[in-house]
Number of protein chains: 2
Amino acid sequence: MNFSDLSDRQRRILQFIYEFTNTHHYPPTIREIGDNVGISSTSVVNYNLSKLEDSDLITRDREVSRGLSLNVARLTELGWLPELNGNRVEGRFRIPILGKIAAGQPIPVIPSEPYDPEGWIELTEGMLNLPADRLFALRVQGNSMIDASVLDGDIVILHAQDTANNGEMVAAWIEDDEDTTLKYLRREGNMVHLMPANPNYQPIVRPADKVRINGRVVSVIRVLKPA
Amino acid sequence: MNFSDLSDRQRRILQFIYEFTNTHHYPPTIREIGDNVGISSTSVVNYNLSKLEDSDLITRDREVSRGLSLNVARLTELGWLPELNGNRVEGRFRIPILGKIAAGQPIPVIPSEPYDPEGWIELTEGMLNLPADRLFALRVQGNSMIDASVLDGDIVILHAQDTANNGEMVAAWIEDDEDTTLKYLRREGNMVHLMPANPNYQPIVRPADKVRINGRVVSVIRVLKPA
DNA sequence: CTTGACACCGCACAAATGTTCGTGTATGAT
DNA sequence: ATCATACACGAACATTTGTGCGGTGTCAAG
């Protein structure tokens, strides 16, 4: 069984159930599915739902209104859920770790390996109150970010944006240095001051047009393994 | 508004919606609620649901079968969800933030306010592969841990234990200094070396019997608010 | 005592919703 | 050509399910 075995309609149905459930916190009816997937007949929706149930992708409770749910475990196992939307599952969501951030390296925009098993970090909605669809993560390599109190191996969660307010921590590409770094942003006139989190280090001051913001740092996560 | 304002029935209804939804992946009907909470009349269930909606504890979609959902954010905020089910919800668990860690302060063992609205952090099982029952969290106050690359406001997740291996980061009480600190542990003979994460700072060296380990640091989490 | 708010009960009704059946259209195998 | 199978359509049907209304009992305020 593979997703390619599913008809286009069945994929759309899965997609819709997922989105609807996330929005309403209860599953859709057969008619709601039909209306949104473009199926006029309830029996056709029913037919396709039965197929999906046969493939064990959804669970149905008979004679119960809205009595269906996605089989999240199965879907995840088949690597499909991430395609759906922001990678959200029941109060959790997964953020792709797009690459590494290290001295002298730009941030890659496109993930080289979109479904790298190690390429995700899963957070709860409550931790960051932000929509997941513009979040991405980077793994810090080396100790070049230690002035931002970010260590080798840390994971930095960023919100993709190309501007930021004073006082926010950003990932910025510094043209002259050919370097991406994490710093607090401060604009003064036409200059940009990039301030380290740790006051024992020196700020970087550059003309605004020599600094490109990649995203705002919304979280730093360090997981320590037992020795 | 407080939970004590709710009637016993309303509390049971909340509880039932929660359990039912977790089990079935869709919300219960008015009649299912009535049957399980011991209310014979659908209108009485409806009446109480409206009350709960007024208190903003649930959301209802009118004329929609099973059109209700718990307002998890609100419930969490009021500290109620933990009572429901051992702090564990569908791959997530909550860790109590027992107190603050700052220069000169010991770590409090017992939370003063068990359901402090700000007193929890919710993680996913995947993030730390550890049982939740011996984990606790501390909020860092001040910049006294900056040598461990831990900043003011960071949350430190600890595994409660009174010994640790070389190379592990621990929270330790240093008797002479009357201070709790975060450092990497290294034993050499009868001496304990507490090494900062940032090599620009100095290690602390003490006799082993003057250092008490509170727990092993398993994670550091920093959440940055937009400016 | 009366009144009104509150919580509750049953029941009937209408709307929402799943199920079933008859039918049609391709496509591929026999 | 014939048959089987997968997929689709629409309409009628039966259940599920939310809503509304009349009514009951309690209790405190007027």
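Note that the structure is predicted; figures quoted are calculated from it, not measured.
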Problem - Mutual orientation of the aromatic rings belonging to A:F20 and A:H24 [parallel < 30°, tilted 30-60°, perpendicular > 60°] - result: parallel

Practice task
Tell me yes or no: between the side chains of B:R12 and B:S7, is some donor less than 3.5 Å from an acceptor?
Solution key: no

Practice task
Calculate the interatomic distance between A:Y26 atom OH and D:dT17 atom C1'; express it in whole Å.
Solution key: 14 Å

Please tabulate, one pair per line, each protein N/O and nucleotide N/O from nucleotides 16-20 of chain C that are separated by under 3.5 Å, including the distance.
residue : atom : partner : partner atom : Å
C:dT17  : OP1  : A:R66   : NE           : 3.2
C:dT17  : OP1  : A:R66   : NH2          : 2.5
C:dT17  : OP1  : B:S65   : N            : 3.2
C:dT17  : OP1  : B:S65   : OG           : 3.1
C:dG18  : OP1  : A:R66   : N            : 2.8
C:dG18  : OP2  : A:I30   : N            : 2.8
C:dG18  : O3'  : A:E63   : N            : 3.4
C:dG18  : N7   : A:R31   : NH1          : 2.9
C:dG18  : O6   : A:R31   : NH2          : 2.8
C:dT19  : OP1  : A:E63   : N            : 3.2
C:dT19  : OP2  : A:N46   : OD1          : 3.4
C:dT19  : O4   : A:T42   : OG1          : 3.1

Handout entry: Atom-to-atom span, CG of B:D8 to P of C:dC6 - whole angstrom
Key = 20 Å

Practice task
Give a yes-or-no answer on whether the side chains of B:R66 and A:S65 include a donor-acceptor pair shorter than 3.5 Å.
Solution key: yes

Fill in the blank from the handout: Rounded to whole Å, the CG-P distance (B:D35 to C:dC9) equals 13 Å

Problem - A:N48 CG to D:dA8 C1', straight-line distance once rounded to whole Å - result: 9 Å

Exercise for the section: Look at B:Y47 and C:dA7 and indicate whether a side-chain polar atom (N or O) is within less than 4.0 Å of OP1 or OP2. Expected result: yes

Completion exercise
note: B:I39, atom CD1; D:dG18, atom P; distance rounded to Å ~ 14 Å

Problem - A:Y26-B:D61 side chain donor-acceptor pair, cut-off 3.5 Å - result: yes

Exercise for the section: Measure from CD1 on B:I33 to C1' on C:dC9 and round the result to the nearest Å. Expected result: 17 Å

Exercise for the section: Answer yes if the side chains of A:N165 and A:R187 hold a donor-acceptor pair under 3.5 Å, and no otherwise. Expected result: no

Handout entry: B:E53 bridged to B:R62 by N-O distance under 4.0 Å
Key = yes

Handout entry: side-chain N/O A:K51 vs D:dC7 OP1/OP2, d < 4.0 Å
Key = yes

